[in-house]
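FYI, side chains are in, hydrogens and waters are out, and symmetry mates aren't considered; it's all heavy atoms of this structure.
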Amino acid sequence: MANDASTVFDLVILGGGSGGYAAALRGAQLGLDVALVEKGKVGGTCLHNGCIPTKALLHAGEIADQAREADQFGVKATFEGIDMGAVHKYKDDVISGLYKGLQGLIASRKVTFIEGEGRLFSPTSVDVNGRRVQGRHVLLATGSVPKSLPGLEIDGDRIISSDHALTLDRVPKSAIVLGGGVIGVEFASAWKSFGSEVTVIEGLKHLVPVEDENSSKLLERAFRKRGIKFNLGTFFEKAEYTQDGVRVTLADGKTFEAEVLLVAVGRGPVSQGLGYEEQGVAMDRGYVLVDEYMQTNVPTISAVGDLVPTLQLAHVGFAEGILVAERLAGLKTVPIDYDGVPRVTYCHPEVASVGITEAKAKEIYGADKVVALKYNLAGNGKSKILKTAGEIKLVQVKDGAVVGVHMVGDRMGEQVGEAQLIYNWEALPAEVAQLVHAHPTQSEALGEAHLALAGKPLHSHD
């Protein structure tokens with residue numbers, strides 16, 4: 001192993017996804033000498049196999065739905081089908097533009113980019129391409145990959161992961177989606193818009209089970225209206241091939257058949273065989289354990305992103321990477337409040353939230369200390385124009401701050417920024433009610449909900 005002892009970087013980053021490249025960019029900006037090691041393309045899962053491509057597919061599905069439903073807006077249009085080749089070109093063009101921009105940023109900040117599969121060799125070095133890269137500090141950011149279940153083999157043909165679904169060359173006539181979390185409901189939504197018959201199987205009691213129960217029920221109602229089927233509360237037993245597809249059997253004996261089965265049961269950390277345990281890094285079920293400042297138990301090693309057991313969101317990776325870079329540069333850093341991170345599921349309709357659920361608030365503060373208010377989007381002019389249905393639900397500590405904002409409806413992901421400020425600045429309903437929201441906008445619904453919670457409702461009943 002060649003050892004380039006003449007170069008000792010301030011920071012060596014193993015993994016160029018959201019967390020890794022954010023740390024590289026911020027570290028270089030602060031004057032650190034940074035090496036970024038990545039075996040694939042910088043940008044990682046989010047840019048190439050996750051956030052960006054799935055949202056492109058969902059937007060293509062939205063356009064398809066608008067073409068089908070144009071008559072109700074007085075627009076004469078015909079829907080002639082989906083050209084998956086053209087859809088993929090649109091998606092890939094979006095990715096390509098962002099990828100080129102990111103490559104330019106990496107180069108302009110003078111980050112040393114090393115393409116190759118790296119492995120932790122010591123608490124201060126990484127081996128890659130026959131070279132030992134030395135650093136005063138090492139950041140592990142090797143991300144995650146789609147998971148499966150015991151006995152369920154993903155073949156990439158009939159039984160597929162989200163990675164395969166992103167490059168599928170056809171619209172499946174029918175699909176079973178195993179898992180009703182974010183990934184599962186987003187693909188179910190997109191495929192239904194493309195014309196598939198979709199069934200979602202979720203072992204827990206609700207779709208998007210980590211969200212407030214009211215949001216889950218609203219999404220289930222919307223999916224029923226769209227003709228997306230789902231089976232809740234019974235776990236997967238087995239999958240087997242049929243003559244032209246897949247049959248799924250549940251623990252209660254119920255069976256479902258479709259052309260393809262998408263396994264969307266979450267993502268697992270990429271950590272095996274990378275030298276982490278050999279260097280004494282504390283692990284749990286493949287995840288690297290860190291403190292609130294993203295430090296591992298080894299003083300010279302930090303870890304961020306999907307590799308650590310925090311929220312698996314690209315923007316969480318960004319924040320964690322920035323935190324590490326700023327800590328190493330000597331800046332004062334503040335731990336991330338993960339409850340204060342906005343969460344969005346980009347299905348139709350969208351589900352967006354920040355803060356804690358009503359159930360969690362009651363657990364923390366006591367049922368008698370929690371107030372919840374629902375504002376129906378039927379009272380919002382812009383939502384009427386868009387013909388979207390849903391609600392905004394506020395969770396408040398009695399006579400105190402709003403501790404949860406939960407929204408269901410089209411474009412709610414674009415409203416979560418204000419909700420994030422309300423939660424993180426511990427705003428009182430009366431304080432938000434004083435703000436004047438533009439009319440007609442969907443953000444106005446947030447203002448109306450706070451007016452109602454402050455005891456002075458305008459376009460809603462007392």
Side-chain angles (χ1 to χ4, degrees), residues 11-28 32 34-54 98-99 102 105-106 111 113-114 117-120 126 135 137-147 162-163 181-183 210 266-277 281-298 300-328 333 335-338 340-344:
L11 176 60
V12 177
I13 302 169
L14 187 53
S18 300
Y21 84 68
L25 292 174
R26 183 61 176 139
L32 301 180
V34 180
L36 179 62
V37 178
E38 168 57 49
K39 67 178 180 180
K41 293 179 177 180
V42 68
T45 295
C46 173
L47 179 53
H48 301 286
N49 303 99
C51 321
I52 299 301
T54 54
L98 291 170
Y99 178 48
L102 183 55
L105 268 176
I106 295 287
V111 172
F113 182 72
I114 303 169
E117 187 163 358
R119 187 178 189 278
L120 187 66
V126 168
H137 201 91
V138 175
L139 175 61
L140 309 178
T142 43
S144 64
V145 289
K147 288 195 301 188
S162 57
D163 287 351
V182 173
I183 297 170
V210 300
R267 299 180 64 87
V270 175
S271 58
Q272 193 171 3
L274 295 178
Y276 299 169
E277 288 173 302
V281 176
M283 311 275 289
D284 180 31
R285 296 170 295 119
Y287 291 99
V288 172
L289 300 180
V290 292
D291 66 11
E292 59 188 349
Y293 294 99
M294 315 315 297
Q295 293 176 293
T296 72
N297 61 310
V298 179
T300 55
I301 299 176
S302 296
V304 297
D306 288 0
L307 182 62
V308 302
T310 56
L311 293 171
Q312 289 187 331
L313 299 169
H315 45 289
V316 167
F318 295 150
E320 291 173 344
I322 290 167
L323 188 155
V324 170
E326 292 184 347
R327 172 168 55 79
L328 295 177
T333 54
I336 297 164
D337 174 6
Y338 291 97
V341 171
R343 305 169 293 273
V344 186

Gap separating the [atom1] atom of [X] from the [atom2] atom of [Y], nearest 0.5 angstrom:
X: Leu311; Y: Arg343; atom1: CG; atom2: CZ; result: 7.0 Å
X: Met283; Y: Asn297; atom1: CE; atom2: CG; result: 10.5 Å
X: Leu289; Y: Asp284; atom1: CG; atom2: CG; result: 5.5 Å
X: Thr310; Y: Tyr287; atom1: OG1; atom2: OH; result: 9.0 Å
X: Arg267; Y: Thr45; atom1: CZ; atom2: OG1; result: 4.0 Å
X: Leu328; Y: Leu323; atom1: CG; atom2: CG; result: 9.5 Å

Where is the tightest heavy-atom contact between [X] and [Y], given as atom of each residue plus distance?
X: Ala325; Y: Gly27; result: CB-N, 3.5 Å
X: Ala28; Y: Val34; result: N-CG2, 3.8 Å
X: Ile114; Y: Ala35; result: CD1-CB, 4.4 Å
X: Gln312; Y: Ser144; result: NE2-CB, 4.3 Å
X: Val304; Y: Gly20; result: CG2-N, 4.4 Å
X: Pro269; Y: Asp306; result: CB-O, 4.0 Å

Counting only N and O atoms by type, is there a donor-acceptor contact under 3.5 Å from the side chain of [X] to the main-chain atoms of [Y]?
X: His315; Y: Val341; result: no
X: Ser271; Y: Gly286; result: yes
X: Thr333; Y: Glu326; result: no
X: His48; Y: Val42; result: yes
X: Glu320; Y: Gly305; result: yes

Could you tell me if the side chain of Leu120 sits less than 4.5 Å from the side chain of Ile301, heavy atoms only? yes

Whether the Tyr276 and Thr296 side chains hold a donor-acceptor pair (N or O, under 3.5 Å, no angle test) is what I'd like checked. no

Among Leu14, Val288, Leu274, exactly one meets side-chain contact (heavy atoms from CB on, under 4.5 Å) together with Leu307. Which residue is that? Val288

